[in-house]
Amino acid sequence: MPIPEVEKIWMNGKLVDWAEAKVHVLTHALHYGSGVFEGIRAYETDNGAAVFRLTDHIERLFRSAKIYRMDIPYSVEEIVEAVKETIRANNLESCYIRPIIFRGYGEMGLYPTKAPVEVSIAVWPWGSYLGDEGIKHGVKACISTFQRISPNALPPAAKATGQYINSILAKLEAVDHGCHEAVMLDHQGFVSEGPGENIFIVRDKVIITPPTSASVLEGITRDAVMQIAFDLDYPIIEENIVRSDLYVADEAFFTGTAAEVVPIREVDGRVIGEPGPITKAIQEKFFSIIKGKEEEYLDWLEIV
Ligand code: PY5
C-alpha cells in the first residue's frame, strides 16, 4: 500500500516538507535496526481530531528507548505536543501517527553511543490494516513456523524497528500460505501474538489473552479491550494458551492500533466462523469509544 503523502513531517523539533524528511544512507538505524517507534491513531470526533491514548503511547516509546539505552532529547510532554502540532499542520481529522526515535549518522560500530539520537513524527491517513472485510467478517490466520522473539534475545516489551524483521518473516509466510495474518508462538511454544497485533480468544464466555511473559508487546489496544471487557462484565484472564486453544476457540480476535479489533474466522484451516457475540460487543464499544461517543471513556481521547 503506497503511503498517502501529506504536507509536513516533524523532524528534530521542526516541521519540514514531506519530501525533505530524509536521512543519510549510513544512518545507524538503517543498518542495525537501532530505532524505537510507536503506532498511534487520531480519530474524528465532535471536538475535532482526537488521539487515542496519546500519552500512554509516548510513555511506551520512552520505555522502548530506555531498554535500548537511547536518551531522548525531549520530554514526554514535548513529544505529545509535537504529535498534536504535526496533525494540525497537516489539517487531518483522522490519521495514523508514526513517531520514531533512531540512532542517526556518525557511528558505524555496535557501540553506538556517539551516534546522534534523532526524532521524527509522521502522520498520514491510513485505513484499517487488515481491511474492512476483515473487521466485518474476520480474517484467516496461520500459526507461523517463525518463533516470536524472546525476552533474552530482543525484548518484546520494546517496540524497536529491528525487531520487526521477525514480524515480517511471519507475515510473508502467512500470506504465502493463503492467510491474512500470522500467529506467532513464543520460545516455550505458547501462543504469543500476531506480527503487529495482540491476540484474544473466547472459550465458554471467558476471554483469555496471553500474559506479557509470553513475549507479547504490552499493547495499548490490548489494555483498552481488557478494560472494556471488564466494564461489560465479561470475565477476562491473562493466561498461557496453546495452538489447539485457537483451533477450538468459540471466538478469537486480534487487537492493535493499525488493525483495531479484528475477528479471526479460521486458524490453520480450523473454522471458528463469523464474529461471535462477545467479539462484536467489544468491537462495537471500541468503535464507539474512539468516535468520542462514550462519556466514561473520554479521557482515552486527547484532543488535538
Ligand atoms: N504486538 C505487536 C508486535 C505490535 O507491533 C503491535 C502494534 C501490537 C501488538 C498492538 O499494540 P497497540 O495496541 O499498542 O498498537 N503494531 C503497530 C501498530 O501501529 C504496527 C503495525 C504495523 O498497530
Side-chain angles (χ1 to χ4, degrees), residues 1 3 33 35-43 51-64 67 83 94-100 121-131 134-135 139 141 144 146-151 153-172 174-175 180-187 190-200 209-229 238 252-262 264 282-283 286-287 289-290 300 302:
M1 243 183 310
I3 306 172
V36 294
F37 70 102
E38 271 304 316
I40 316 172
R41 275 188 191 272
Y43 292 99
V51 185
F52 186 68
R53 300 187 64 171
L54 174 57
T55 301
D56 291 331
H57 276 281
I58 303 305
E59 283 174 352
R60 186 174 66 185
L61 181 66
F62 275 66
R63 291 198 296 276
S64 298
I67 289 172
V83 166
S94 64
C95 59
Y96 186 75
I97 303 156
R98 175 52 63 84
I100 182 170
I121 303 161
V123 299
W124 65 87
W126 209 15
S128 50
Y129 179 66
L130 295 172
I135 289 198
V139 293
S144 182
F146 289 102
Q147 185 179 293
R148 174 84 181 129
I149 53 171
S150 63
L154 293 167
K159 209 167 158 59
T161 60
Q163 303 187 173
Y164 281 77
I165 52 176
N166 175 243
S167 292
I168 290 169
L169 287 172
K171 178 81 183 191
L172 288 170
V175 174
H180 301 101
E181 194 53 296
V183 174
M184 303 181 81
L185 306 181
D186 73 3
H187 59 291
F190 292 115
V191 172
S192 177
E193 59 179 346
E197 308 88 1
N198 292 110
I199 194 166
F200 290 76
T209 194
T212 51
S213 55
S215 293
V216 310
L217 180 73
E218 291 172 26
I220 288 167
T221 322
R222 174 183 181 274
D223 182 74
V225 161
M226 287 169 71
Q227 185 65 51
I228 292 168
E238 288 179 88
F253 57 91
F254 286 121
T255 65
T257 298
E260 300 177 311
V261 180
V262 179
I264 301 172
I282 286 173
Q283 266 188 323
F286 178 79
F287 288 117
I289 290 169
I290 60 179
W300 279 354
E302 297 176 45

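These numbers were taken from a predicted model, which means no experiment stands behind them. Note that ligands are numbered from 1 as they come in the structure, with each ligand's atoms numbered from 1 the same way.
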Dump the pairs for me: ligand 1 N or O, protein N or O, distance under 3.5 Å, to 0.1 Å.
residue: ligand 1; atom: 1 (N); partner: E193; partner atom: OE1; Å: 2.7
residue: ligand 1; atom: 5 (O); partner: K159; partner atom: NZ; Å: 3.0
residue: ligand 1; atom: 5 (O); partner: Y164; partner atom: OH; Å: 2.4
residue: ligand 1; atom: 13 (O); partner: I220; partner atom: N; Å: 3.3
residue: ligand 1; atom: 13 (O); partner: T221; partner atom: N; Å: 2.9
residue: ligand 1; atom: 13 (O); partner: T221; partner atom: OG1; Å: 2.5
residue: ligand 1; atom: 14 (O); partner: R60; partner atom: NH1; Å: 2.8
residue: ligand 1; atom: 14 (O); partner: R60; partner atom: NH2; Å: 3.0
residue: ligand 1; atom: 14 (O); partner: I220; partner atom: N; Å: 2.7
residue: ligand 1; atom: 15 (O); partner: T257; partner atom: N; Å: 2.9
residue: ligand 1; atom: 15 (O); partner: T257; partner atom: OG1; Å: 2.6
residue: ligand 1; atom: 16 (N); partner: K159; partner atom: NZ; Å: 3.1
residue: ligand 1; atom: 16 (N); partner: G196; partner atom: O; Å: 3.3
residue: ligand 1; atom: 19 (O); partner: Y96; partner atom: OH; Å: 2.4
residue: ligand 1; atom: 23 (O); partner: T257; partner atom: N; Å: 3.3
residue: ligand 1; atom: 23 (O); partner: A258; partner atom: N; Å: 2.8

| field | Check ion pair R60-E218 (N to O, under 4.0 angstrom) | value | no

| query | Between E181 and K171, is there a side-chain N and carboxylate O pair less than 4.0 Å apart? | reply |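 Salt bridge: yes.
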
| request: Pick out which of T255, L130, I290 makes a side chain to side chain contact (heavy atoms under 4.5 Å, CB included) with E260. | output: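 So, applying the side chain to side chain contact (heavy atoms under 4.5 Å, CB included) to E260 and each of T255, L130, I290, only I290 qualifies.
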
| said: Quick check: closest heavy atoms across I199 and S192, and the distance to 0.1 Å? | reply: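 So the two residues come closest at CG2-O, 3.7 Å.
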
| message | Run the ring pair (Phe, Tyr, Trp, His ring centres under 6.0 Å) test against F254 and tell me which residues pass, sequence neighbours left out. | response | none

| task | For L185 and V191, run side chain to side chain contact (heavy atoms under 4.5 Å, CB included): C-alpha distance rounded to whole Å, both residues' side-chain angles, the deciding distance at 0.1 Å, then the answer. | result | CA-CA 4 Å; L185 306 181; V191 172; 3.9 Å; yes

